Number of protein chains: 2
Amino acid sequence: MPLTRHKSAGYMTNWAARLFARVIDRKLKPLALGSGYLPVFFALSDGGSRTQKELALGADIEQPTMAATLNRMDRDGLIIREKDQNDRRITHIRLSDSALAHAAQIKTIVDQVNETALSGLNSQERQVFLEALTKVTAALSQADDPSK
Amino acid sequence: MPLTRHKSAGYMTNWAARLFARVIDRKLKPLALGSGYLPVFFALSDGGSRTQKELALGADIEQPTMAATLNRMDRDGLIIREKDQNDRRITHIRLSDSALAHAAQIKTIVDQVNETALSGLNSQERQVFLEALTKVTAALSQADDPSK
DNA sequence: GGTAAATGCATAGCTTGCTATGTAATATAT
DNA sequence: ATATATTACATAGCAAGCTATGCATTTACC
């Protein structure tokens, strides 16, 4: 009895995302890093600092998710947290020196995985694919929160 | 200081997948269902039974993930598990009557979310998008396990 | 027929995501 | 000035994914 798979856009997108994470996590494992750290790395790779809220907004994830990610990165010695002097609610976050030293290598790994993923697409197909993802995220963001 | 977002294919795919799950989970919440149940629902919506291994293969997820999903579905009264008589390692899984009664409604909800997500794409763009996702998953599966 | 290999499922422990809610600090409004 | 809002972050608890490992059970091989 064959499985009748429901290969909708949602299913395929979920599958592709899991595969991206799996492949990237495997390549990051020797560096003791996880795919969840990437948005923070890229946001802070200029050596500057951002608040937790700015990082969450930039990564399009919820605040408690970013808080948990930063806790793991703190545990792993990747970030420095500094309290704001004027507004004691705010914490400024920046990469530790050792983390910053790995930023270029991480970008290389991520670029390689992206290139592998898109290797079967020509440049026009890649463009349509990325534009489609932009339109899909816009449509779903709208459906998620119609006020936007 | 503006955030320099790294909107790669991997990042956008991850974001789209999270949005799909968020929107679907919200629509399934009144039914006390989660997006993780969907592959099982679709695989069993013909009223037949499958083994845990068949379900995991059909959903492209690992066996322990499927085991956890089935435990939640069991807890929620959605599935029936029956031990195989000939081979006591095997468990046959089918939807409960009440779960089966919801299958059509669930498919309608999922179809609606997919339509919403793709609403900004014309039919040619949709085709390229789905083909691209197929090629991307194939390339990443290959990278994940080169023996395939 | 007995050992070894393979198979199917369970368990443990982790990450990355979510919602709901709490708390302290700051800003606003009467 | 005080009560109320808002803001920034923390905490709790869960879902859905992963790897690594264990445990029966069945198959395969001498």
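Here is how names work: the chains are called A, B, and so on, in the same order as the sequence lines, proteins then strands, and each is numbered from 1. Please read all numbers here as calculations on a predicted model, not as lab measurements.
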Do [Y] and [X] meet the salt-bridge criterion of a basic N to acidic O distance under 4.0 Å?
X      : Y      : answer
A:R22  : B:E62  : yes
B:K83  : B:D87  : no
A:R126 : A:E115 : yes
A:R72  : A:D76  : no

Salt bridge (charged side-chain N to carboxylate O under 4.0 Å, His left out) partner of B:E82, the single match among B:R88, B:R94, B:R50: B:R94
List, with names and distances, any nitrogen or oxygen atoms from the protein found under 3.5 Å away from nitrogen or oxygen atoms belonging to nucleotides 5-7 of chain C.
{"unit_1": "C:dT7", "atom_1": "O2", "unit_2": "B:R89", "atom_2": "NH1", "d": "2.8"}

Close side-chain approach of B:W15 and A:S141, heavy atoms under 4.5 Å: yes
Heavy-atom side-chain contact between B:D74 and B:I80 under 4.5 Å: no
Heavy-atom protein contacts under 4.0 Å, nucleotides 14-20 of chain D, coded B base, S sugar-phosphate only, - none: -SBBBBB
[N] [atom2] sits how many Å from [X] [atom1], rounded?
X     : N      : atom1 : atom2 : answer
A:L38 : C:dT15 : CG    : P     : 15 Å
A:D87 : D:dT7  : CG    : C1'   : 8 Å
B:L19 : C:dG17 : CG    : C1'   : 12 Å
B:Q85 : D:dT25 : CD    : C1'   : 15 Å
A:N86 : D:dT7  : CG    : C1'   : 16 Å
B:R50 : C:dG8  : CZ    : P     : 16 Å
B:K83 : C:dG8  : NZ    : P     : 13 Å
B:D74 : C:dC9  : CG    : P     : 14 Å

Base partner of C:dT26, which must satisfy Watson-Crick or wobble distances under 3.5 Å: none
B:T65 side chain to B:I61 backbone, donor-acceptor under 3.5 Å: no
Touch class at under 4.0 angstrom, heavy-atom based, for B:D84 against every strand present: nothing
Anti/syn call for D:dA5, syn if |chi| within 90°: syn
5' precedence on DNA chain C between B:Q52 and A:R88 (nearest-nucleotide basis): B:Q52
A:D60, A:L133, A:N114 screened by side-chain contact (heavy atoms from CB on, under 4.5 Å) with B:Y11, the one that passes: A:D60
